[in-house]
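Only one structure is covered here, and it is reproduced in the block below.
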Amino acid sequence: AELVEQFGISAVTARTDLDALASIGAVVRSHGGAVRCQEATHDYPVTFKIGLHRPEKARIGQAAAQLVQPNETIILDSGTTTWEIARHLKTMKLRGLTVITNALNIASELADEPGICLIMIGGVLRQISFSFVGPQAEAMLREMHADRFFLAVDGLDLNIGPSTPDVLEAQLNSRMIDAAKETTVVADSSKLGRRSVSRISSIDKLSRLITDTRAPADFVKQLED
């Protein structure tokens, strides 16, 4: 709306121009506008992100998996840290476990595990994250309930809460929080204090953060307070 007023153009033209800027990497599109790339947390392909902070993610995934109890229903958000949770759950052989996910890599990891009931959320595929998002995914979630939700984020800020680069991913994550009794954020310390484009929820909707020992002491103290 500000661009329309400032440049005397139509909303269609403003959206087209922002899409063109996004296509050359000058901006990152978000709901209602765009953000300069240097101001946003970049979204990288999951095949690239899997190699970032791998030892920390593996330990976070193991700690998160140990929270899960037999006969529970859990939601695993898309991400490489939540994929580590799925890997550890396979080794635990929990009875009566149901896993709901929108992530192809997690579904593929758990598809051959006979002790896990896997529910795959459909929708529009985000190829960069191998995850399904959109109205169809949100509608499916409205009919579901879970004991736990494990949320992987691109940023966790004490003032605005968890965030992610994609607005549709953020909207689906918000529905996942509503569907679960409690939400645990799984994020290595590089994500702490960062803000991405799309806010997921307020921080008071989160029950727990699992991170690594490099987490800044002042951040941990403020979060505990």
Side-chain angles (χ1 to χ4, degrees), residues 28 30-33 35 39-41 43 53 56-57 59-69 72-85 98-103 106 121 129 131 133-135 137-225:
V28 175
S30 63
H31 183 66
V35 179
E39 297 173 354
T41 301
D43 199 5
H53 309 285
E56 292 88 347
K57 290 177 180 178
R59 291 193 293 271
I60 291 168
Q62 182 178 24
Q66 290 172 353
L67 295 174
V68 182
Q69 301 299 311
E72 284 191 338
T73 296
I74 69 168
I75 303 173
L76 292 180
D77 171 38
S78 65
T80 51
T81 307
T82 43
W83 174 69
E84 290 286 355
I85 299 175
T98 298
V99 177
I100 303 169
T101 187
N102 66 320
I106 292 174
I121 296 173
S129 62
S131 63
V133 296
E138 293 176 35
M140 191 172 179
L141 261 178
R142 290 190 188 99
E143 306 300 321
M144 297 181 179
H145 302 281
D147 298 291
R148 306 174 190 275
F149 169 37
F150 293 98
L151 171 63
V153 299
D154 289 84
L156 181 62
D157 181 88
L158 291 170
N159 295 315
I160 71 164
S163 57
T164 185
D166 185 75
V167 64
L168 293 179
E169 194 89 49
Q171 290 171 353
L172 183 61
N173 288 160
S174 179
R175 299 289 80 76
M176 289 173 168
I177 289 174
D178 293 340
K181 292 179 182 178
E182 67 169 43
T183 297
T184 297
V185 171
V186 288
D188 66 78
S189 57
S190 71
K191 312 290 179 58
L192 305 183
R194 288 191 352 190
R195 296 183 179 186
S196 196
V197 176
S198 300
R199 181 175 180 264
I200 295 170
S201 75
S202 58
I203 203 161
D204 64 317
K205 289 189 175 183
L206 310 179
S207 304
R208 185 182 295 103
L209 166 66
I210 302 179
T211 187
D212 60 74
T213 55
R214 291 191 179 94
D218 58 339
F219 184 97
V220 173
K221 179 63 167 59
Q222 290 181 65
L223 188 59
E224 289 174 341
D225 290 343

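Note that this is a predicted model, so its numbers are computed, not measured. When reading the values below, keep in mind they use all heavy atoms of this one structure, side chains included, and skip hydrogens, waters and symmetry mates. We number each residue from 1, following the sequence as shown.
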Measuring from atom [atom1] of [X] to atom [atom2] of [Y], what distance do you get when rounded to the nearest 0.5 angstrom?
{"X": "S129", "Y": "D166", "atom1": "OG", "atom2": "CG", "answer": "7.0 Å"}
{"X": "D154", "Y": "R195", "atom1": "CG", "atom2": "CZ", "answer": "15.0 Å"}
{"X": "H145", "Y": "T73", "atom1": "NE2", "atom2": "OG1", "answer": "10.5 Å"}
{"X": "L223", "Y": "L206", "atom1": "CG", "atom2": "CG", "answer": "8.5 Å"}
{"X": "N102", "Y": "T82", "atom1": "CG", "atom2": "OG1", "answer": "8.5 Å"}
{"X": "I85", "Y": "I210", "atom1": "CD1", "atom2": "CD1", "answer": "7.0 Å"}

Carboxylate-amine/guanidinium contact E84 R59, below 4.0 Å: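 Looking at R59 together with E84, the answer is no, because their closest N to O distance does not fall below 4.0 Å.
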NZ/NE/NH1/NH2 to OD/OE distance under 4.0 Å, E182 and R148: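 Counted as a salt bridge, because a side-chain N and a carboxylate O are separated by less than 4.0 Å.
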Hey, are [Y] and [X] close enough side-chain-wise for a donor-acceptor pair under 3.5 Å?
{"X": "S202", "Y": "D204", "answer": "yes"}
{"X": "E169", "Y": "S78", "answer": "yes"}
{"X": "S189", "Y": "R214", "answer": "no"}
{"X": "K57", "Y": "T80", "answer": "yes"}

I want to check something: taking the side chain as every heavy atom from C-beta on, are [X] and [Y] in contact at a cut-off of under 4.5 Å?
{"X": "Q222", "Y": "L158", "value": "yes"}
{"X": "S201", "Y": "N173", "value": "no"}
{"X": "F149", "Y": "I100", "value": "no"}
{"X": "S163", "Y": "S198", "value": "no"}
{"X": "F219", "Y": "L209", "value": "yes"}

Candidate pair S190 and D188, rule side chain to side chain donor-acceptor pair (under 3.5 Å), full reasoning: CA-CA 6 Å; S190 71; D188 66 78; 2.4 Å; yes
Worked verdict on K205 versus T183 for side chain to side chain contact (heavy atoms under 4.5 Å, CB included): CA-CA 7 Å; K205 289 189 175 183; T183 297; over 6 Å; no
Locate the shortest heavy-atom distance separating [X] from [Y]; write the atom from each residue and the value.
{"X": "S196", "Y": "P165", "answer": "OG-N, 3.1 Å"}
{"X": "G79", "Y": "I106", "answer": "O-CD1, 4.5 Å"}
{"X": "I60", "Y": "D212", "answer": "CD1-N, 4.2 Å"}

Trace of the side chain to side chain contact (heavy atoms under 4.5 Å, CB included) decision for T211 with L192: CA-CA 9 Å; T211 187; L192 305 183; 3.8 Å; yes
E224 side-chain N/O to K221 backbone N/O, donor-acceptor pair under 3.5 Å: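 Looks like no, no N/O pair under 3.5 Å.
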Verdict with supporting geometry, R194 and V153, side chain to side chain contact (heavy atoms under 4.5 Å, CB included): CA-CA 10 Å; R194 288 191 352 190; V153 299; over 6 Å; no
Single hit among D77, I74, I121, L76 for side-chain contact (heavy atoms from CB on, under 4.5 Å) with T101: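 Single pass found, and it is L76.
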Test log, rule salt bridge (Lys or Arg N to Asp or Glu O under 4.0 Å), inputs R175 and D178: CA-CA 5 Å; R175 299 289 80 76; D178 293 340; 3.4 Å; yes
Worked check of side chain to side chain contact (heavy atoms under 4.5 Å, CB included) between F150 and V185: CA-CA 6 Å; F150 293 98; V185 171; over 6 Å; no
